[in-house]
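Because the structure is a prediction, the values reported are computed rather than measured. Chain A is the first sequence line, chain B the second, and so forth, proteins listed ahead of strands; every chain is numbered from 1.
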Number of protein chains: 2
Amino acid sequence: MKPESLQVTGSFKIRGAYNMMSQLSPAQRRKGVVAYSSGNHAQGVAAAGTMLGIATKIVMPQDAPAAKIENTRRLGGEPVLYDRYTGNREEIARKIALEQGSELVPSYDHAQIVAGQGTVGLELIDQCADQGVVPDQVLICCGGGGLSSGSAIAIKARSPGTAVHTVEPAAFDDTARSLLSGKRERNDPTARSICDALQTESPGELTFPYLQELAGAGLVVTDDEVRSAMRFAFRHLKLVVEPGGAVALAAVLSGKIQTRDKTTVVVLSGGNVDTDLFAAIQNEDAV
Amino acid sequence: MKPESLQVTGSFKIRGAYNMMSQLSPAQRRKGVVAYSSGNHAQGVAAAGTMLGIATKIVMPQDAPAAKIENTRRLGGEPVLYDRYTGNREEIARKIALEQGSELVPSYDHAQIVAGQGTVGLELIDQCADQGVVPDQVLICCGGGGLSSGSAIAIKARSPGTAVHTVEPAAFDDTARSLLSGKRERNDPTARSICDALQTESPGELTFPYLQELAGAGLVVTDDEVRSAMRFAFRHLKLVVEPGGAVALAAVLSGKIQTRDKTTVVVLSGGNVDTDLFAAIQNEDAV
């Protein structure tokens with residue numbers, strides 16, 4: 001397990017945001033930055049802004065988990081809320097950026113973001129090596145593909161024999177389908193999933209070619225398998241994992257990939273989940 | 001934070017159990033061992049038994065958290081249930097031990113148990129040193145005093161200037177009172193607390209003199225402060241911490257000790273909590 005739920009801001013997203021924002025010029029820093037995010041990227045940008053002294057405005061869906069909106073504010077960011085099903089967050093963010101002359105901090109399709117998120121892959125290979133282990137396979141959740149492509153680049157550079165697999169929720173399996181078809185497939189715009197952190201429209205323009213070159217078959221899990229994995233994490237790992245952060249664990253537990261006699265690393269990418277949802281899932285009977 | 005909730009079996013108890021049981025003779029090992037425990041020690045003994053090939057019988061209160069009884073069985077132990085308010089677990093365990101010629105694995109009052117639990121203190125000082133930090137104070141939960149006395153011995157040997165404080169639930173503050181009076185005080189036998197792991201009658205005969213020599217004033221927290229600390233751990237640390245494991249964190253959050261400009265280490269001693277109780281606490285409004 002690589003528990004990025006324990007990372008600063010409760011997810012891996014601080015890695016990419018900090019990497020990009022720390023490379024802005026003093027003039028760019030003074031103008032602040034803008035981002036759009038379903039939540040974890042928002043917190044990463046807000047926290048990186050506070051660390052670097054950069055003002056941050058973050059366009060967030062108004063139905064994002066309350067904890068994520070609240071935490072973005074607490075970390076020093078300014079949330080700008082919009083309606084997920086009528087507004088276009090990208091347009092709203094670009095408009096603010098244009099008005100302010102600010103840089104936009106994208107959530108995945110940017111080389112410095114990909115490189116930052118990729119330190120997850122770099123670290124897990126090094127941490128395995130410290131224990132004398134070379135992983136056979138690494139399972140990484142995939143929304144836009146920043147974490148998975150960046151990690152794949154690092155993992156394959158350090159350990160070419162290690163397989164990398166993306167894992168997605170069933171309704172947002174664009175990357176799995178794209179890896180099969182060879183072109184960037186889109187998700188049904190009416191699709192819904194419990195995994196609020198993984199609801200992207202299609203694989204990234206920058207990230208997808210890396211996954212095509214470096215990743216194996218994409219794995220897909222149902223929301224029920226995700227709920228079950230969250231219960232497992234609570235009961236046996238004593239970790240709070242959010243739905244999107246639990247898909248890779250769900251893939252292992254539901255037998256979507258062969259793990260017998262293999263060393264498998266599972267990235268638990270985040271732990272930002274509302275109390276109500278978490279409690280409801282824990283109280284469900286089935287395991 | 002020293003999160004022993006992430007330890008094998010979900011608490012620090014495996015440390016002492018393994019240390020003692022690994023030193024049994026082959027003849028003693030063949031006869032199995034017996035223990036009595038409210039739960040975490042039970043799991044530690046069961047897991048150590050499985051690792052070492054020693055059969056384990058564990059006398060447990062029938063109202064212990066279901067997860068603890070279940071896990072003891074899953075880890076290879078055989079639970080022997082009794083009524084906490086009418087039976088005497090010590091007598092029941094001694095009778096089984098006598099009948100079988102088995103060793104009793106005490107939950108705290110034994111040199112090898114104390115030494116094993118003390119590796120928590122040893123590790124945390126070393127882990128702080130790796131980061132160039134010498135802690136000013138370490139807060140450790142206290143039931144019978146195995147963890148706190150063992151850790152105090154290790155901490156004071158490595159870092160004489162570091163203060164060690166025990167933390168107890170308000171209804172089970174025997175150690176705090178004993179440290180004040182200079183003799184082993186007892187708790188009201190009708191006392192109740194949410195902290196099922198810390199419900200001992202009095203400080204240990206072996207452990208208390210070490211605490212008298214090495215520990216500062218004992219800290220005491222209410223059950224409500226513990227509930228609040230469990231919510232904090234969920235929301236901000238993304239860790240599942242059981243009531244007894246959250247008392248040291250509760251002491252910090254409720255201002256029972258001065259932390260400004262100090263480096264404070266908090267031991268989170270375990271994470272074995274029933275789903276129902278955990279969900280109920282998370283859903284409570286106050287933070």
Side-chain angles (χ1 to χ4, degrees), chain A residues 1-14 39-40 43 47 65-75 130 197 227-228 230-246 268-287, chain B residues 1-14 39-40 43 47 65-75 130 197 227-228 230-246 268-287:
Chain A
M1 308 287 170
K2 175 69 171 159
E4 284 292 289
S5 47
L6 303 181
Q7 182 56 265
V8 176
T9 73
S11 91
F12 68 93
K13 288 284 190 177
I14 181 94
N40 282 336
Q43 294 188 51
K68 292 187 178 181
I69 298 174
E70 200 180 293
N71 283 338
T72 300
R73 208 170 269 131
R74 193 176 51 80
L75 292 166
D130 285 348
R227 299 170 96 97
S228 177
M230 288 174 69
R231 284 191 289 274
F232 182 93
F234 168 81
R235 290 181 195 180
H236 301 295
L237 308 178
K238 312 301 175 187
L239 293 174
V240 176
V241 183
E242 66 181 273
L268 303 172
S269 57
N272 295 318
V273 53
D274 268 3
T275 305
D276 291 354
L277 177 62
F278 190 81
I281 289 172
Q282 296 306 331
N283 279 329
E284 286 163 6
D285 270 333
V287 182
Chain B
M1 309 285 171
K2 175 69 172 161
E4 285 292 290
S5 46
L6 303 180
Q7 182 57 266
V8 176
T9 73
S11 90
F12 67 93
K13 289 283 190 178
I14 181 94
N40 282 336
Q43 293 187 53
K68 292 187 179 181
I69 297 174
E70 200 180 292
N71 283 338
T72 300
R73 207 170 270 131
R74 193 177 50 80
L75 292 167
D130 286 348
R227 300 170 96 96
S228 177
M230 289 174 68
R231 285 191 290 274
F232 182 93
F234 169 81
R235 290 181 196 182
H236 301 296
L237 308 178
K238 311 303 175 187
L239 292 175
V240 176
V241 183
E242 66 180 274
L268 303 172
S269 57
N272 295 318
V273 53
D274 268 4
T275 304
D276 290 354
L277 177 62
F278 190 81
I281 289 172
Q282 296 306 331
N283 279 329
E284 285 161 5
D285 270 334
V287 182

Query raised in the report: Given that the side chain runs from C-beta out, which part of B:Leu237 has a heavy atom under 4.5 Å from chain A: side chain, backbone, both or neither?
Result: backbone
Heavy-atom side-chain contact between [X] and [Y] under 4.5 Å:
X	Y	result
B:Asp276	A:Asn283	yes
A:Thr275	B:Arg235	yes
B:Leu239	A:Leu239	yes

Query raised in the report: Rounded to the nearest 0.5 Å, how far does NE2 of A:His236 lie from CG of B:Asn272?
Result: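 If I round to the nearest 0.5 Å, the distance is 10.5 Å.
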Requested in this report: Nearest 0.5 Å please: distance from the CD atom of A:Gln282 over to the CD atom of B:Gln282.
Outcome: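 If I round to the nearest 0.5 Å, the distance is 10.0 Å.
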Requested in this report: Could you tell me which portion of A:Val273 (side chain, backbone, both or neither) has an atom closer than 4.5 angstrom to a non-hydrogen atom of chain B?
Outcome: both
**Report entry** Pairwise salt bridge (charged side-chain N to carboxylate O under 4.0 Å, His left out) hits with a residue in residues 4-14 of chain B, at least two apart
**Finding:** B:Glu4-B:Arg15
Query raised in the report: What residues, two or more places apart in sequence or in another chain, satisfy side-chain hydrogen bond (donor to acceptor under 3.5 Å, both in side chains) together with A:Lys2?
Result: A:Glu123, A:Gln127
Report task. For chain B, find which of A:Gly271, A:Gly10, A:Pro3 contributes the most heavy-atom pairs closer than 4.5 angstrom. Result ->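 Top option by heavy-atom pairs under 4.5 Å: A:Gly271.
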Query raised in the report: Aromatic rings A:Phe278 and B:Phe278: how do their planes relate, parallel, tilted or perpendicular, breaks at 30° and 60°?
Result: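 Rings of A:Phe278 and B:Phe278: perpendicular, as their planes differ by over 60°.
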